[in-house]
Amino acid sequence: MTQFLAQFCRDPRGESPSLLNGGLDKIEPEYWVIVLAIAALFENESKQAQESNGKNYVLGDCGFDPLGLFPEDKKDQFDMQTKEIKHGRIAMMAILGFAAQEALYNTPVVAETPFFFQPIF
């Protein structure tokens with residue numbers, strides 16, 4: 001999968017494309033077409049779910065719970081949703097940190113912290 005996505009970026013230094021390092025112009029237009037098409041599919045599916053469920057529709061609920069981890073109790077459901085939001089925000093801050101690190105040091109984050117990106121065994 002990584003090799004498939006790598007073909008759409010023309011950055012020889014290996015930096016993540018972002019506004020901070022000016023890398024967005026290095027991404028092939030085909031990649032953006034694929035991203036927009038997938039986003040449109042998800043938005044269409046969400047709209048159909050909203051129309052079919054009416055007032056019972058919950059924003060962001062795609063019905064994806066293959067392991068059955070989502071609790072049945074309303075309070076526990078609210079707690080789980082809160083945890084998901086907080087974890088998502090932490091992940092966004094981590095990605096922002098990666099982009100800022102690349103912009104400050106002008107080297108790929110993979111080169112700065114290779115132990116995060118190498119197989120353990």
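Heavy atoms only: backbone and side chains are in, while hydrogens, waters and symmetry mates are out. Computed from a prediction, not measured in an experiment: that's the story for all the values here.
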Could you check whether atom CD of Glu51 has more than 12 heavy atoms from other residues, nucleotides or ligands sitting under 6.0 Å from it?
yes
Nearest non-hydrogen partners of Val109 and Glu102, listed with the distance:
N-OE2, 3.0 Å
Could you check if a side-chain atom of Ser46 sits within less than 4.5 angstrom of a side-chain atom of Tyr57, using non-hydrogen atoms only?
yes
Evaluate side-chain contact (heavy atoms from CB on, under 4.5 Å) for Val58 paired with Gln81, printing each intermediate quantity in order.
CA-CA 11 Å; Val58 178; Gln81 290 170 337; 4.1 Å; yes
What is the minimum heavy-atom distance between Glu112 and Thr107, and which atoms define it?
OE2-OG1, 2.8 Å
Hey, is CZ on Phe115 packed in by over 12 heavy atoms from elsewhere, all under 6.0 Å?
yes
Would Ile38 end up clustered with Val33 when hydrophobic side chains under 4.5 Å apart are linked, directly or stepwise?
no
Are Leu69 and Phe78 joined in one hydrophobic group, where the rule is that I, L, V, M, F, W and Y side chains link up if heavy atoms are under 4.5 Å apart?
no
Option passing side chain to side chain contact (heavy atoms under 4.5 Å, CB included) with Glu84 (candidates Met80, Lys86, His87)
Met80
What residues form a side-chain hydrogen bond (donor to acceptor under 3.5 Å, both in side chains) with Asn53, not counting sequence neighbours?
none
Among residues at least two apart in sequence or on other chains, which ones pass side chain to side chain contact (heavy atoms under 4.5 Å, CB included) with Glu45?
Gln48
Please tell me whether Ile34 and Leu36 are part of a single hydrophobic cluster in this structure, the criterion being side-chain heavy atoms less than 4.5 Å apart.
no
Would you indicate whether the side-chain heavy atoms of Leu96 and Met93 approach each other to under 4.5 Å?
yes
Using a strict cut-off of less than 4.0 Å between a Lys/Arg side-chain nitrogen and an Asp/Glu carboxylate oxygen, indicate whether Lys75 and Asp79 qualify as a salt bridge.
yes
Could you pull out all residues at least two apart from Asp76 that satisfy salt bridge (Lys or Arg N to Asp or Glu O under 4.0 Å)?
none
Determine whether a donor-acceptor pair (N or O, by modelled atom type, separation under 3.5 Å) exists between the side chain of Ser52 and the backbone of Ala49.
yes
Hydrophobic cluster membership, Phe42 vs Leu59, 4.5 Å side-chain cutoff:
no
If you draw a 6.0 Å radius around CZ in Phe70, do more than 12 non-hydrogen atoms from other residues or ligands fall strictly inside?
yes
